[in-house]
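The structure under discussion appears below in the form of structure tokens.
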Amino acid sequence: MTDQAPAAAARPHLVDKERTGVIDWSSGPRRFITLYLPLAIFVIVLLFPFYWMAITAIKPNAELYDYKTYNPFWVKSPTLENINRLLFQTDYPQWLWTTMMVATVATALSLFSSVLAAYAIQRLKFKGSSYVGLAIYLAYLVPPSILFIPLATLIFQFGLFDSPMALILTYPTFLIPFCTWLLIGYFKSIPYELEECAMIDGATRLQTLWQITLPLALPGLISAGIFAFTLSWNEFIYALAFIQSAEKKTVPVAVLTQLVEGDVYHWGSLMAGALLGSIPVALLYSFFVDYYVASLTGAVKE
């Protein structure tokens with residue numbers, strides 16, 4: 001027994017081979033199965049819709065409707081006819097500008113209101129502040145299909161129907177609750193002692209918010225802004241109900257209502273519009289992805 005133990009200790013790699021089998025799972029095959037293969041599947045699933053939109057946007061109609069002759073996953077004779085129709089035969093540039101303007105202004109208004117609401121709930125600590133924060137979050141869960149009916153009545157009464165201002169004033173109804181709830185969680189991660197030191201030195205509450213809290217909460221503000229901008233950009237129900245003129249519509253509504261004529265779907269132009277409409281949001285995420293991740297990690301510390 002004493003002779004066998006040193007022999008086994010002197011050959012640990014042989015013992016590991018006998019226990020683990022022929023394949024060493026700490027090497028390449030294990031990394032491929034546990035890391036590279038799931039990552040490849042995730043990338044394919046994530047990017048395939050964009051690839052499909054891209055190839056459909058440059059396909060001629062003959063290839064779009066004849067899958068028996070042409071490969072549906074490839075383009076044999078690419079064309080720019082669909083993109084030309086979208087950009088020069090429709091009001092797509094105006095739709096894009098309207099969508100950008102509405103999403104930007106609605107996001108700015110929502111962030112301003114959310115910062116004040118979240119700071120008051122988290123820092124002032126008034127009676128029932130926790131219940132107010134919960135009520136704000138529950139307000140976000142109310143579906144827009146219920147809210148747009150009373151909001152439509154107000155829009156008509158104020159004479160804002162068929163104008164971008166109708167969307168700018170209605171989008172904060174679902175943006176503010178979400179941004180407030182997100183910023184409440186992020187303000188919790190900022191030490192309150194920093195604000196106390198500033199107020200001891202003579203700073204007012206607003207000065208403390210502007211000079212101390214907001215610079216530290218910049219990742220959370222960017223994250224809330226990205227979410228609010230994305231929700232505004234992709235909103236459909238309010239834009240469909242409150243805007244009637246074709247030139248004033250937003251991209252999600254316009255590409256569906258203006259590029260479908262009866263039972264004729266202009267798939268090439270539809271996909272081109274969807275692809276071009278997704279580029280601004282994708283660029284926004286790519287530029288601020290570091291702040292976005294930092295805000296998520298900071299907001300869950302407590």
Side-chain angles (χ1 to χ4, degrees), residues 99 102-158 160 165-192 195 205-206 209 213-214 216-243 250 252-253 281 284-285 288 291-302:
T99 308
V102 169
T104 302
V105 177
T107 299
L109 291 176
S110 301
L111 282 180
F112 177 77
S113 302
S114 299
V115 166
L116 298 180
Y119 186 82
I121 293 172
Q122 180 57 35
R123 290 300 197 230
L124 299 185
K125 298 296 184 181
F126 55 89
K127 185 176 181 180
S129 59
S130 59
Y131 296 103
V132 174
L134 179 61
I136 290 177
Y137 176 69
L138 293 177
Y140 172 72
L141 300 179
V142 178
S145 57
I146 297 177
L147 291 178
F148 91 93
I149 296 178
L151 287 175
T153 303
L154 294 176
I155 292 299
F156 276 105
Q157 290 178 352
F158 286 104
L160 299 175
M165 187 59 65
L167 303 181
I168 292 174
L169 295 179
T170 54
Y171 283 179
T173 59
F174 62 86
L175 296 180
I176 291 177
F178 179 80
C179 293
T180 302
W181 172 75
L182 187 65
L183 291 175
I184 287 174
Y186 196 83
F187 284 159
K188 287 181 180 180
S189 64
I190 300 176
Y192 185 63
E195 299 180 12
R205 180 69 71 173
L206 289 179
L209 172 63
T213 307
L214 289 185
L216 295 175
L218 183 61
L221 293 175
I222 293 177
S223 179
I226 290 175
F227 273 112
F229 186 86
T230 305
L231 292 174
S232 301
W233 188 277
N234 296 326
E235 201 282 324
F236 185 83
I237 294 179
Y238 294 155
L240 178 64
F242 300 155
I243 303 296
T250 58
V253 176
V281 178
L284 185 66
Y285 274 93
F288 298 105
Y291 293 99
Y292 175 73
V293 174
S295 69
L296 293 182
T297 56
V300 298
K301 285 182 179 178
E302 297 192 9

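Position 1 is the first residue of the sequence; numbering continues from there. Bear in mind the structure is a predicted one, so any value in this text is a computation, not a measurement.
- Closest approach of Ile168 and Leu109 over heavy atoms only: CG2-CD1, 3.9 Å.
- Ser232 places a side-chain N or O within 3.5 Å of a backbone atom of Ala228 that can act as its donor or acceptor partner.
- Annotation: Tyr192, atom OH; neighbour count of heavy atoms from other residues, nucleotides and ligands within 6.0 Å is above 12.
- Every residue was checked against the ring pair (Phe, Tyr, Trp, His ring centres under 6.0 Å) condition with Phe158, not counting sequence neighbours, and none meets it.
- Heavy-atom minimum distance, Ala106 versus Tyr171: CB-CB, 3.9 Å.
- Every residue was checked against the side-chain contact (heavy atoms from CB on, under 4.5 Å) condition with Pro150, not counting sequence neighbours, and none meets it.
- Of the inter-residue distances, the one linking Asn234 atom CG with Phe229 atom CZ reads 9.5 Å to the nearest 0.5 angstrom.
- Between Phe242 and Leu151 the shortest side-chain heavy-atom distance falls below 4.5 Å.
- A 4.5 Å side-chain heavy-atom check between Tyr238 and Leu147 finds at least one atom pair inside the cut-off.
- Looking at Leu154 and Leu169, their side chains never come closer than 4.5 Å, going by heavy atoms from C-beta outward.
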Residues Ile243, Val253; criterion side chain to side chain contact (heavy atoms under 4.5 Å, CB included); working and verdict: CA-CA 9 Å; Ile243 303 296; Val253 176; over 6 Å; no
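- Between Phe227 and Phe178, the two ring planes are perpendicular [angle over 60°; tilted spans 30° to 60°].
- In this structure, CG in Leu218 is found 13.0 Å from OG1 in Thr213, a value given to the nearest 0.5 Å.
- Listed by chain and number, the residues in a ring pair (Phe, Tyr, Trp, His ring centres under 6.0 Å) with Phe187 amount to none (sequence neighbours excluded).
- One distance of note links CD1 of Ile176 with CG of Leu183; it measures 11.5 Å at 0.5 Å rounding.
- Panel note: side chain Thr173, backbone Thr170; a donor-acceptor pair is recorded below 3.5 Å.
- Annotation: the span from Leu175 atom CG to Ser113 atom OG amounts to 10.5 Å, rounded to 0.5 Å.
- Across all non-hydrogen atoms, the minimal contact from Ala241 to Phe148 is CB-CD1, 3.9 Å.
- Using a 4.5 Å cut-off on side-chain heavy atoms (C-beta onward), Leu216 and Glu195 make no contact.
- Side-chain contact between Glu235 and Thr250 is absent, with no heavy-atom pair separated by less than 4.5 Å.
- Pro177 and Ile136 get closest at one heavy-atom pair: CB-O, 3.2 Å.
- The minimum heavy-atom distance linking Ala117 with Thr180 is given by the pair CB-CG2, 3.9 Å.
- From Ile226, atom CD1 reaches atom CG of Leu231 across 12.0 Å, with rounding to the nearest 0.5 Å.
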